[in-house]
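Below, chain A is the first sequence line, B the second, and so on; all start at residue 1. The model shown is predicted, which means the values in this text are computed figures rather than measured ones.
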There are 2 protein chains.
Amino acid sequence: MIQDELTGAVTIGEASRISGLPIETLRYYDREGLFGELPRDAGGRRRFTPDALGLLDVLLRLRRTGMPVEQVREFAEYVRAGDHLRAGRLALLRAHRERVAMDLAQLQADLEVIDWKIAAYQAAEDGNDPPPRDSMTTN
Amino acid sequence: MIQDELTGAVTIGEASRISGLPIETLRYYDREGLFGELPRDAGGRRRFTPDALGLLDVLLRLRRTGMPVEQVREFAEYVRAGDHLRAGRLALLRAHRERVAMDLAQLQADLEVIDWKIAAYQAAEDGNDPPPRDSMTTN
DNA sequence: GGTTGACCTGGAGTGGGCTCCAGGTTGCAT
DNA sequence: ATGCAACCTGGAGCCCACTCCAGGTCAACC
């Protein structure tokens, strides 16, 4: 039984394929409480409902953008707690958003310098003049 | 003696202030061979030459963009080895560049979704309609 | 010449995030 | 009913990148 035809819930293996995360990691996340009370089938196996999968997609993005697991758990809890805590949820997300935006800017700047380095090496390789815009020394 | 007036070399403490890295981390990097043969003063203290500082700036960018320490060491070695290995240097940098570009794209996509989530929560808070463009479920 | 502060070493410890057992069910398919 | 694949648990182990000792040296200033 891969998919519950009625509810659309899937097994952990399927969830793994969908999300790209190893099964072990999904279990780890579950242990850490990221999914709250994940439903189980008669045999005790986890059933990832469409809701859980949707949540997982968001959690994954939070993780990928560098939010620590503990904070992701907090966020997931807010979500589960429902509407009256939306303020906390929003605040958490907003704060994170700022961090990510800064990381992004830093990453872009670093990438630019790396690209410039590549161009410089390439030029030297070809015996041409190095490109302009030095950021520091030329190694 | 903070700066050697003749060579422009600085102490580890100064290098730490310049780079923003803790002294401990600089020593760790040195142990890992990122700087190769770092010059020492009469008393055995590390002297960060302008060259070393310039290199450090690049290494730092590589680290920030997610290159593992071991690979950074490899790169630094190429640099030290001089011109005849420039091809390896270039290849390593190019490969890394691709990875970073992909990370960047992923980060941008994730940030977009997070922003959309924020907007959705905000709208719900205000009692307005949620914004368009759903990526998955609405939690 | 004694105190102070910045430096040194080798090595142990830490934290986050998985990742991997061992040993045990479950349930479809022969 | 026997095999097999996919699931389960509790707990140990691992990797990376630091981070933190303890105990010592060195140079400059009072």
- request: Considering just the side-chain nitrogens and oxygens of B:Arg45, establish if one lies under 4.0 Å of OP1 or OP2 belonging to C:dA6.
  value: no

message: Looking at D:dC7, I'd like to know if its phosphate oxygens (OP1 or OP2) sit under 4.0 Å from a side-chain N or O belonging to A:Thr11.
response: yes

message: From CD of A:Glu70 over to P of C:dC18, roughly how many Å is that when rounded to an integer?
response: 14 Å

query: Quick one: does A:Arg27 reach the base of D:dT9 with a side-chain donor-acceptor pair under 3.5 Å?
result: no

field: Spacing between B:Arg17 atom CZ and C:dG5 atom P, to the nearest angstrom
entry: 14 Å

- request: With DNA chain C as reference, determine whether A:Gly43 or A:Pro22 sits nearer its 5' end, using the nearest nucleotide of each.
  value: A:Pro22

- request: Nearest whole angstrom, please: distance from the P of D:dG11 to the CD of A:Glu32.
  value: 14 Å

field: Short side-chain N/O contact to C:dT25 OP1/OP2 from A:Arg40, under 4.0 Å
entry: no

query: For B:Arg46 and C:dA6, is the shortest distance between a side-chain N/O and OP1 or OP2 below 4.0 Å?
result: no

- prompt: Just how far, in rounded Å, is P of C:dG16 from CE of A:Met67?
  reply: 15 Å

query: Would you say A:Tyr29 reaches C:dG17's phosphate, i.e. side-chain N/O to OP1/OP2 under 4.0 Å?
result: no

- line: Rounded to whole Å, CG of A:Leu62 lies from P of C:dG16 at a distance of 18 Å

query: For the side chain of B:Glu24 and the base of D:dC18, is some donor closer than 3.5 Å to an acceptor across the two?
result: no

query: Hey, what do you get for CZ (A:Arg27) to CG (A:Leu38), rounding to the nearest 0.5 Å?
result: 12.0 Å

- prompt: Atom CZ in B:Arg64, atom CG in A:Asp110: separation rounded to 0.5 Å?
  reply: 4.0 Å

task: Using atom types as modelled and distance alone, determine if a side-chain donor or acceptor of B:Thr65 lies under 3.5 Å from a backbone N or O of B:Val100.
output: no

message: On the six-membered ring of B:Phe75, is B:Arg89 placed so that its NZ or CZ lies under 6.0 angstrom from the centre and within 45° of the ring axis?
response: no

- line: Whichever of A:Ile23 and B:Arg31 has the more 5' nearest nucleotide on DNA chain D, that residue is A:Ile23

- request: Rounded to the nearest angstrom, tell me the gap between atom CG in B:Asp30 and atom P in C:dC7.
  value: 14 Å

- prompt: Atom OH of A:Tyr28 and atom P of D:dT9: how far apart are they, to the nearest Å?
  reply: 16 Å

message: What is the distance, to the nearest angstrom, from the CG atom on A:Asp41 to the P atom on C:dT26?
response: 10 Å

- request: Could you check A:Gly66 against B:Gly44 and say which one's nearest nucleotide on DNA chain C is further toward the 5' end?
  value: B:Gly44

message: Looking at B:Ile12, is its backbone amide N or carbonyl O close enough to the side chain of B:Ser16 to form a donor-acceptor pair, meaning the two atoms are under 3.5 Å apart?
response: no

query: Quick one: is A:Thr25 getting a side-chain N or O under 4.0 Å of the C:dT19 phosphate, OP1 or OP2?
result: yes

